[in-house]
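What follows is a short report on a single structure.
Below, read A as the first sequence line, B as the second, and so on, with proteins coming before strands; counting in each chain starts at 1.
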Number of protein chains: 2
Amino acid sequence: MISQTSEYALRAVVCLAQSPDKPHTTAEIAKLTKVPEHYLSKVLLMLAKHEVVYSKKGLHGGYILAHLPENLPLLNVINAVDPIKHIKSCPLKLKTHGTNLCRLHKRLNDSIDLIEELFQTSTVGTILSDPTTSIPLCESTGK
Amino acid sequence: MISQTSEYALRAVVCLAQSPDKPHTTAEIAKLTKVPEHYLSKVLLMLAKHEVVYSKKGLHGGYILAHLPENLPLLNVINAVDPIKHIKSCPLKLKTHGTNLCRLHKRLNDSIDLIEELFQTSTVGTILSDPTTSIPLCESTGK
DNA sequence: GATAAAATAGATGTCAAGGTCTTTTTATCT
DNA sequence: AGATAAAAAGACCTTGACATCTATTTTATC
């Protein structure tokens, strides 16, 4: 459904969103989000390339969010590391179909569209502000 | 999004649904759906175990649908071969969370629920009867 | 100039999904 | 009963996602 890498990316972004003021090092984020540090560094690299986060080198450097949480759809995070793939042409490669999807694949693609829309309209900000559940990633119930 | 195996299973089921009267052999289905034959045999086995299809051994045997297309949700097909996994407990294994999901994972799980519901309400029958697109898997536009 | 951090590169390992092949079992036909 | 055609079962292989580790380079700060 959601790849492990996307899950890691989302954790990192949510983590950063909780203290948007100061930069976090890879090691810090890894510890807070329980993501393997060396793998996380690659994930953060991708997030930086896609301008989801901003990286600052040198002493007191680290990563900070490149956008306000409410302006950062989950989709942007996901697409940075593991883009959602739509079905654009017949997976059976039937020549007569070409880019016309049959009923089955149209239906499947519709559900992909739906998920994409859901992740487009749902931002990091909405996650943070949701009062119904515990605080993301933290060792407390938040209630 | 949807695993390759689920895609194969759906193709097979849609294929069977188009001629519910007579059994199809694995080889026939493989040819029509362009799924690797030996792999398809495993997929059909799983579908049979979950009573999505009925198998008949021996001469003139093969597979037939175990249900009317309109009574067969896509979800049943998918869950037979590659069950949709919900997030049931904190992926970070935070002790204080336990089975309470934080906001991030609740949101992710909500979207999984949505997809599941979509595939629950969408049946093989609805795919076959959809008049807006070409006939599933077939070498014609159907229009 | 020393230091701390990201950036870059690359080698390697692990594991599950996907895919192939062969043998065994079972039902049907003559 | 024997031949045949099919599913069932299982051994094995391949590939890519995920993950680890190491080393070097670049950049910003003290």
Side-chain angles (χ1 to χ4, degrees), chain A residues 1-13 15-16 22-66 78-85 91-92, chain B residues 1-13 15-16 22-66 78-85 91-92:
Chain A
M1 184 62 207
I2 288 276
S3 73
Q4 192 65 28
T5 305
S6 293
E7 155 87 27
Y8 288 166
L10 288 169
R11 281 191 212 172
V13 164
C15 175
L16 289 178
K22 77 177 216 298
H24 287 271
T25 67
T26 305
E28 279 169 5
I29 303 170
K31 193 160 194 181
L32 288 169
T33 59
K34 303 209 175 173
V35 174
E37 179 174 341
H38 289 102
Y39 192 66
L40 179 63
S41 81
K42 290 188 176 176
V43 173
L44 286 168
L45 215 56
M46 288 189 276
L47 290 176
K49 284 224 174 80
H50 287 83
E51 299 184 329
V52 171
V53 300
Y54 171 75
S55 73
K56 193 185 174 203
K57 285 185 175 185
L59 190 56
H60 302 151
Y63 291 96
I64 54 175
L65 274 197
I78 293 169
N79 275 342
V81 298
D82 192 9
I84 287 182
K85 287 170 284 295
L92 279 72
Chain B
M1 179 65 206
I2 288 275
S3 72
Q4 193 66 28
T5 304
S6 294
E7 155 88 27
Y8 289 165
L10 288 168
R11 281 191 212 172
V13 164
C15 175
L16 290 178
K22 76 176 221 296
H24 287 270
T25 68
T26 305
E28 281 168 5
I29 304 170
K31 194 160 194 181
L32 288 169
T33 59
K34 304 209 175 174
V35 174
E37 178 174 341
H38 290 100
Y39 191 66
L40 180 62
S41 82
K42 286 187 176 178
V43 173
L44 287 168
L45 211 58
M46 287 189 276
L47 291 176
K49 284 227 172 79
H50 287 83
E51 298 184 329
V52 171
V53 300
Y54 171 74
S55 73
K56 194 185 173 202
K57 284 188 178 184
L59 191 57
H60 302 153
Y63 290 97
I64 55 176
L65 274 199
I78 293 169
N79 274 342
V81 298
D82 192 10
I84 288 182
K85 286 171 282 295
L92 280 73

Please report the distance, rounded to the nearest Å, between CG in B:Leu45 and C1' in D:dA6.
13 Å
Rounded to whole Å, please give me the gap between CG in B:Leu40 and C1' in C:dC21.
16 Å
Gap between atoms CD and C1', on B:Glu37 and C:dT22 respectively (whole Å)
13 Å
Heavy atoms from C-beta onward define the side chain here; which of D:dA9, C:dT28, C:dG18 lies closest to that of B:Tyr39?
C:dG18
Comparing B:Glu28 and A:Leu59 on DNA chain D - which has the more 5′ nearest nucleotide
B:Glu28
Once you round it to whole Å, what is the distance between P of D:dA6 and NZ of B:Lys31?
14 Å
Which part of the nucleic acid does B:Tyr8 contact within heavy-atom distance under 4.0 Å: base, sugar-phosphate only, or nothing?
sugar-phosphate
Quick one: A:Lys85 NZ to D:dA17 P, roughly how many Å, whole number?
8 Å
Less than 4.0 angstrom between a side-chain N/O of B:His60 and OP1 or OP2 of C:dC29, yes or no?
yes
Is the base of C:dT20 touched by the side chain of B:Lys42 through a donor-acceptor pair closer than 3.5 angstrom?
yes
Do any side-chain nitrogens or oxygens of A:Ser55 fall under 4.0 Å of OP1 or OP2 in C:dA6?
no
Which part of the nucleic acid, if any, lies within contact of B:Lys56, taking any heavy atom under 4.0 Å across all strands shown: a base, the sugar-phosphate backbone alone, or nothing?
sugar-phosphate
Quiz question: by atom type and distance under 3.5 Å, do the side chains of A:Ser3 and A:Asp82 form a donor-acceptor pair?
yes
Which nucleotide sits closest to the side chain of B:Thr25: D:dA6, D:dA19, D:dC18?
D:dA6
Under 4.0 Å between a side-chain N or O of B:Thr5 and OP1 or OP2 of C:dA17?
no
How many whole angstroms separate atom CD1 of B:Ile2 from atom C1' of C:dA17?
15 Å
Could you check B:Gln4 against A:Lys57 and say which one's nearest nucleotide on DNA chain C is further toward the 5' end?
A:Lys57
For A:Met46 and D:dC18, give me the distance from atom CE to atom C1', rounded to whole Å.
11 Å
Can A:Ile29 and A:Val35 be said to form a side-chain contact (heavy atoms from CB on, under 4.5 Å), step by step?
CA-CA 8 Å; A:Ile29 303 170; A:Val35 174; over 6 Å; no
For D:dC30, which nucleotide in any strand shown is its Watson-Crick or wobble partner with both distances under 3.5 Å?
C:dG1
If every non-hydrogen atom of B:Pro23 is compared with every non-hydrogen atom of B:Gly61, which pair is closest and at what distance?
CB-O, 3.8 Å
From the set D:dT29, C:dT20, C:dT8, return the single nucleotide nearest to any side-chain atom of B:His38.
C:dT20
Taking OP1 and OP2 of D:dA8, is either one under 4.0 Å from a side-chain nitrogen or oxygen of B:Tyr63?
yes
Walk me through whether B:Tyr63 and B:Thr26 qualify under side-chain contact (heavy atoms from CB on, under 4.5 Å).
CA-CA 8 Å; B:Tyr63 290 97; B:Thr26 305; 3.5 Å; yes
Report, as yes or no, whether the 6.0 Å neighbourhood of atom CD on B:Glu37 holds more than 12 heavy atoms from other residues, nucleotides or ligands.
yes
Could you grab the distance from atom CZ of B:Arg11 to atom SG of B:Cys15, nearest 0.5 Å is fine?
11.0 Å
On DNA chain C, nearest-nucleotide positions of A:Ser41 versus A:Gly58: which is more 5'?
A:Gly58
Rounded distance in Å - NE2 (A:His24) to P (C:dA6):
12 Å
